[in-house]
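Only one structure is covered here, and it is reproduced in the block below.
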Amino acid sequence: MSSTQPAEPTSTAGQTSTADPGSIRAVIERSSLPHGLPDFAAISDDAFRPAFTQAIAEHLAEVDQIAADPEPPTFANTVEALELSGQKLARAGRIFSNLAISDANPQRDAIARDLAVALAEHTDTINLDPRLFSRIHSLYERRDELGLTGTQLRLLDKQHRDAIRAGAGLDASAQEEMRTISARLAWLATKFPQNVLAEAYAAGVLITDEAELDGLSATAVAAARQAAVEAGHDQGWLIAMELPSSQSAVAELTDPAVRRRVFEASVTRCLHGEHDNRALITEIIALRARRAELLGYADAAAYEIAEQTAPSPAAVDELLTRLGAAAVRAGERELQQVQDYADSVSPGTVIGASDYTYWLERQRGSVTGVDLDRFEEYCELERVLTHGIFFAAGQLYGLQFVERDDLVGYHPDVRIWEVFDAAGDSIALFLGDFHARSSKRGGAWMSTFVDQSSVLAETPVVVNVLNLSKPEPGQPSLLSVDNLITLFHEFGHSVHGLLSSVKYPSQSGASVPPDFVEFPSQVNEMWAFHPEVLANYAVHHRTGEPIPPELARAAREAVEVESAHSTIEYLAAAVLDLAWHRLGTEEIAAVEDVEAFEAAALAAAGLAHPLIPPRYRSTYFNHIFGGQYAASYYSYIWSEVLAAETEQWFLANGGLQAGSGRRFVESTLSRGDSVDPLAAHQRLIGRKPELGPLLRKRGLEPVA
Ligand SMILES: [Zn+2]
C-alpha cells in the first residue's frame, strides 16, 4: 500500500468538553520530545474535539489576517503566509488521522466521521474566500515577473490550482453545491473503510475442526487462533480477511471446500448486511462526477489525473491496455502450466477461482524444487530490520538506527528508533507498528507525525504500519516472502520522508502526486534480495545457519518474476477504478447494480477472467473509495515503470554503495514535491523512462 495520508479530519465546532487542557495542548502544540514526537501518553480521546475546534478557529483567524492585509499581495505575505498557517491544525490532523486508522475504537470512529466533514468545510472556507483568492490569483497572473524560485512557483501554482479545483472560479450557487459535495464526500470516504475494517473480522471464516487448518503455516494458525480470541469466540480459529481479494490462507489450505469458504467470504465483503458499501459507492461516484462536471472536466478521472504526473486518462488507458493484452496472453500460458501440474498430481483436477493460487504456488515450487514455506525460517523480523533494512539504508544513505525504549508510542506494540546521518547527527525518528490487531485497518502504509520543513525547522517523525501476524509471546516473528517485500516497500516510503530536505512543509517527503509516491518504495524493494543484503540478514532463526542458496534463489525468483495472476488481478482493479471514474452524472444515475457494472467494465477491458477476480472488488476497494487513489490505482504500475528503470540504473552505477545512494537522494529522494518529480527522475537516469525493464520484470512480452 501507499503512503496515503488519510484525510486530515477536524472538529465540529461548538462541542463542549471537559477535556484536560494539558491533553488538548498535547494534540495541537509541538511537544518538547525529540523531533517533536507527540506526547501520546498525555493525549486522551476526549481532547480531540475541543483541540480541533480551537485549532480551526486559530487557523481561520490567521487566514483572515492574510486575506484582509491592506498591503498589496506578495509571495511572502500571501503564498508563504498561507503555507505556514494552521500548524496546530496540521499537527492535530496528523496525530488523529494516524490513530483513527492504526488503533480505531468506536469513539475515534465517530470523531473521524464528524471531523472529516468539518475539515472539508474548513478547507473550502479557505479555498473559496474571495479576498484570499483574488490575492493568489493576482500573483499567479504575474508569476513570471515575481522573481520566484522554481520551488516557490510550484507552491504558488499549487495554491492557485487548489482554489480553482475547490470552485473559486465558479458562481455562488455552484460554489455552494461544491461545498455540499466535499462535505458529503469526506463523510463517505471515512465511513467506507470503517465498514471494510469491520468486515475483516465479521466476514472472517471460523474454523472449529482442527483438521480443516491443514496446510496453514504455524504462524498462520497462531494468528487465526489470536483472531478468534479478539473476535470473542471461545474456541476455534478465525481466518480474518486480509484486504485484497487474494487471501494468503487460500494459497495454503489443502481442503478445497475450506479454500472455497475463505475465498467466497473475501470476494463478497461489504455486499450485504450492516457493512454493505454498494450505496456508498454509487453516491461517491455520482458526487465525484458532478464535481468534475461543475468544474468543466470531461469526467472525474480527468479531474483526478490532472493532479498526477501522467498527462491524461488516455495515456493511462494506453499503458493499461498494452499491459492488459500482454498479461492475458501470459495468463493463458500460466493457467495451462498450473492445470498440467495439478493433473500430474491428481488427474482430472478442476481448478476453480478458489484453487488458482493454491496450485500456482505448488506448480512454482515444483519448477524450482524448493518449498518456499521454509523461507520464513530464515527471515526473522528483528534480524531483517537491523541486518537487512537498516543495513541497506546504512550502506546507501549512511543512516544509523538506535532504538529508543524510553520513548512512548501510541500503542504498546509501537517501537521507536532515532535516526542518525553519516555525520552522526540525529535527523529523525522512525516508528514501527508491525503487527496486526483488530483495531488496525488492513494493509500496510507509511505516514508521518511530523513532516520535514526547513522553514519551520521541523525534522521528520515517520511511521510504518504493517499487519504481520503477531507471534505468541516469546516466539520470533517470521516473515513470508510477501511480507518481507512489504517491509522493504514501506520502508522505501519512510526513507522518502526521513531524507526529505525541502523548505516548505506541503512539498515535503512523500507529498508528491500519487502516481509518483510509489516510486521510492518500489525502488527500495530491490534491496530485499540484493546478495549483500540477503547474506547479511537471512540466517536460520534458531541455528544461525545461512540460508541455503537454492532456497534464496527460489524466493528471489518468486519476487522478481511476477505471476500473470498477480499482474491480471492488479490490472483488473486499475481498470475498474478508471471505469467508475469515467461515468458521467447521467450514466451513474443509471447504474442499478454495482456487481453488474463491475462485470461489464472488466469484460469491456478483456480482463473478466473467470478464475482471477480484481485485486480489490469495488465494495472493499479502500484505495479509491476511502483513500487517495480515486482514478489513480494505476499509480502502482505507472511508478513501477520508473522503479524498474531505477533498479537498472542502480545496478549500473555501483549498486549498494554510498555514491549511488547519494546521487539518488540528491536528484529525487530528498526533493519531495519541490521539483517536478518526473523531470528529476529523467535527470537521474539521463533519458525518458521506457517500458522494457518493467515488461521483463513482469515476465511479459512486448505488445505492439
Ligand atoms: Zn506503497
Side-chain angles (χ1 to χ4, degrees), residues 1-7 97-98 101-102 193 242-244 246 307-310 384 389 392-393 430-434 436 440-448 451 460 462-468 479-500 508-528 559 562 566-567 569-571 573-574 577 615-616 621-647 664 668-669 672-673 677 681 694 697-698:
M1 199 166 169
S2 78
S3 71
T4 45
Q5 283 274 14
S97 59
N98 274 296
I101 62 171
S102 301
E242 294 159 347
L243 202 51
S246 281
E307 290 294 289
Q308 304 280 16
T309 67
V384 172
I389 285 182
F430 170 68
L431 279 59
D433 181 1
F434 299 118
K440 192 191 278 186
R441 185 180 289 186
W445 60 89
M446 166 273 205
S447 184
T448 59
D451 288 325
V462 168
V463 62
N464 269 175
V465 185
L466 278 81
N467 271 286
L468 305 175
L479 306 178
S480 65
V481 178
D482 281 352
N483 286 332
L484 172 74
I485 296 302
T486 301
L487 200 63
F488 272 85
H489 175 101
E490 296 307 332
F491 189 74
H493 287 304
S494 284
V495 170
H496 204 187
L498 296 172
L499 291 176
S500 177
S508 184
S511 306
V512 293
D515 70 0
F516 193 78
V517 84
E518 295 303 326
F519 162 70
S521 50
Q522 289 169 342
V523 171
N524 204 58
E525 292 177 23
M526 74 177 281
W527 305 116
V559 170
E562 287 271 3
S566 96
T567 303
E569 67 169 4
Y570 168 78
L571 291 172
D577 168 33
R615 185 166 164 79
Y616 302 95
F621 207 161
N622 269 351
H623 287 76
I624 69 167
F625 295 115
Q628 294 191 331
Y629 283 77
S632 303
Y633 191 65
Y634 76 87
S635 296
Y636 289 86
I637 204 104
W638 189 265
S639 47
E640 203 177 311
V641 175
L642 308 181
E645 285 273 25
T646 307
E647 186 169 344
F664 185 45
T668 11
L669 205 55
D673 202 41
H681 180 263
L694 169 82
K697 187 160 178 246
R698 291 223 164 220

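Order of listing sets the numbers, starting from 1, for every ligand and every atom in it.
Here Glu490 does not reach the Zn ion (ligand 1): none of its N/O/S atoms is less than 2.8 Å from the metal.
Nearest N/O/S atom of His493 relative to the Zn ion (ligand 1): this is NE2.
Every ring pair (Phe, Tyr, Trp, His ring centres under 6.0 Å) that Trp527 has, sequence neighbours left out, goes to His530, Phe650. By the ring pair (Phe, Tyr, Trp, His ring centres under 6.0 Å) test, Tyr570 is found to be paired with Tyr633, residues two or more places apart in sequence or in another chain being considered.
Aromatic ring pairs are classed by plane angle as parallel below 30°, tilted from 30° to 60° and perpendicular above 60°; the pair Phe434 and Phe430 is tilted.
The angle subtended at the Zn ion (ligand 1) by OE1 of Glu518 and NE2 of His489 is 90°, given to the nearest 10°.
Under the 3.5 Å distance criterion, the side-chain polar atoms of Asn524 are left unmatched by any main-chain donor or acceptor of His493.
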